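So you know, we letter chains A, B, ... as the sequences are listed, proteins then strands, and number each from 1. Model, not experiment: these values are computed from the prediction.
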Amino acid sequence: MTMFSEFGKVGFVPATKVEAFVEHLRKGRIVGSRCSACGATAFPPRADCVRCMSPDFTWVDHDRRGVIYTFTRTVAAPAGFEEIAPYTLAVVELDAGGRAVAWLGESFRGREVAIGDAACLVPRMWEEGDSLRVLYTVERPPECD
Amino acid sequence: MTRVGIIGAGHGVFGRRTDATVQELAFEAFRLALEDAGGIGRDELDAAVVAAVPEYHRQRSVAGVVQEYLGLNPKPVWLTEVACASGSAALRTAWMAIRSGVHDVVAVIGCQKMTELETPEILALMGRVGEVQWESVFGTTFPGYYAMFAQRHMHDFGTTHEQMLAVAVKNHFYGARNRKAFFQKEITLEKALASAPVSSPFCVYDCCANADGAACLILASAERVRELGGGERVVWMDGMGAATASMSVLRRENLVGLPSARQAAEQAYAMAGVGVEDLDVAEVHDCFTIAEIMAYEDLGFCPKGEGGAYIEAGRPYIGGGGVAVNVDGGLKSKGHPIGATGVSMTCEIVAQLRGESGARQVPGACVGLTHNVGGIGQYSFVQVLRRD
């Protein structure tokens, strides 16, 4: 049984109509939603179509590649993130549409990041205490190939 | 529908107010506002609207304790909350109540006690400022969001960190002359640049500070303005704009401006029948330095992308050739008691339009504007205020 609260380093949302997103992520897939009525796609996914208001949707693989839209190196971290600070958050503009925010992963270690750099989302999973954590990090080629 | 006028304004001291509860802070501003309205009595009021962000207070349902402490029972009261724009939202609901004819005289009280919480509680709250499902789970922060706007603005338009900090230097220059401000001291660009990093490109001096404080305004219909004899000093709420944008910044068209602020400004200018060229003075939401630069652009003080050059040329200073901006110190120097901020902005414009701002007075000011933003542009309110 998936709990959406497994998503991210600190989970705030225990349940959602799109919680299967986490199951797909565990299997290494980045998915978006496609409206069953009008075909509109969304990333991050949403259960209810913002365009035609249909509540029916299906999961579709979402191309995980894109470019860095913007970023910031965060020094002052909120509760639950202190031990990983400083970390760099980046917004990735995905080629398939939509954006994601996540922190830069290992492939960026020791490298300067710049707006416009090629990047992608890579699923990650680890255990923290008793709980499983699932998320994606922002990586650079060749991790994106 | 009736025109709505401001007949009284009261502003408490902003800062670390370890001496007072939130209702005591509200009382200070409320008493000053009644006095400023020619000493009218509480019996002249029909209702009150309280602006505050509840999660900072130990007291739940803060409107109730404020209403009791001000001695306003059994008159109706309600709370408005749209994050840092709560004050302007409260003013809008009071304006709506008067325009609709339900009430004739309404007190709007913005009050906030932010320093009651312990550091761990503040850090936990800090982690939930954004959209919590897809963003907060990665440790996004409030400075971090605006920092990402700043980074993109620098990339697209060549805006520099020095230009951003020039905003802080200006606001501290005027805050040093405001006896109600938290930080009444000037700063230098060198000192600002040397301050500790927060979230790149921001350092400490790019960020405003949490504060405690309250501000109050008394609003009345045109008929009641006449009856209460407030005619000479009344400031009219002639243009009232409000708009929203997506909670998630991931779903915005771009991260170089706030579409809600642009839309609210268009509404306010149109309703008041004024243009940027008519403005003498403005209060804009400088929670972070880039926010004031984007405000110059979103409000049409300069073209998109030229906000950095606008401050670098000194145009938002009094006599600088542009619109005088945040000449009370802004959020940066005054401090940002989030529920009170929008009301505080309007208080300053009221004082400016009456010519009561002393050393910070914009000569001959008769049209002013406020720009109050909630969150990262999720909510924007723009007012055009005028004195006849």
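Interface residue A/Y69: backbone and side-chain heavy atoms are both found under 4.5 Å from chain B. Heavy atoms of A/V10 lying under 4.5 Å from chain B belong exclusively to its backbone. For B/T119, no part sits under 4.5 Å from any heavy atom of chain A, backbone or side chain. Proximity to chain B is limited to the side chain of A/V13, based on heavy atoms less than 4.5 angstrom apart. The part of B/V249 that comes within reach of chain A is its backbone (N, CA, C, O), which places non-hydrogen atoms under 4.5 angstrom from that chain. Using a 4.5 Å cut-off between heavy atoms, A/T137 makes no contact with chain B at all. Using a 4.5 Å cut-off between heavy atoms, A/A102 contacts chain B through both its backbone and its side chain.
A 6.0 Å sphere centred on CZ of A/R109 holds no more than 12 heavy atoms belonging to other residues, nucleotides or ligands. The environment of A/D145 atom CG is dense: over 12 non-hydrogen atoms of other residues, nucleotides or ligands sit within 6.0 angstrom. No more than 12 heavy atoms of other residues, nucleotides or ligands sit less than 6.0 Å from atom CD of A/E127. Residue A/R65 places its CZ atom among 12 or fewer non-hydrogen atoms of other residues, nucleotides or ligands, all under 6.0 Å distant. Under a cut-off of 6.0 angstrom, the local environment of CZ in A/R34 is sparse, with at most 12 non-hydrogen atoms contributed by other residues, nucleotides or ligands.
Looking only at side-chain heavy atoms (C-beta outward), A/V101 and B/L250 come within less than 4.5 Å of each other. Between A/V75 and B/V198 there is no side-chain heavy-atom pair separated by less than 4.5 Å. When side chains are defined from C-beta on, B/Q151 counts as touching A/F71, because their heavy atoms get closer than 4.5 Å. Looking at heavy atoms from C-beta onward, B/V137 lies out of side-chain contact with A/K9 at the 4.5 angstrom threshold.
Across all their heavy atoms, B/M126 and A/A76 have their closest contact at CE-O, 3.9 Å. Contact between A/T74 and B/S199 at its shortest, heavy atoms only, is OG1-OG, 3.2 Å. Pairing each heavy atom of A/R99 with each of B/E253, the nearest pair is NH2-O, 3.0 Å. The shortest non-hydrogen separation linking A/F12 to B/S136 is CE1-CB, 3.5 Å. Residues A/W103 and B/F138 share a closest heavy-atom pair of CE3-O, 3.3 Å. When all heavy atoms of B/G139 and A/Y87 are compared, the pair lying nearest together is O-OH, 2.6 Å.
A donor-acceptor distance shorter than 3.5 angstrom exists from the side chain of A/T72 to the backbone of B/S200, with no hydrogens or angles considered. Without hydrogens or angle criteria, B/R152 side chain to A/I115 main chain gives no donor-acceptor distance under 3.5 Å.
Annotation: maximal heavy-atom pairing with chain B below 4.5 Å, among A/G8, A/A114, A/P78, occurs at A/P78. With chain B as the partner, the residue from A/L89, A/V91, A/L135 showing the most heavy-atom pairs under 4.5 Å is A/L89. Most heavy-atom pairs under 4.5 Å with chain B, from the set A/A100, A/G98, A/G11: that is A/A100.
Note that CG of B/N254 and OG1 of A/T70 are 11.5 Å apart. Values are rounded to the nearest 0.5 Å.
Under the 6.0 Å cut-off for aromatic ring centres, A/F4 and B/W134 qualify, their centroids lying closer than that.
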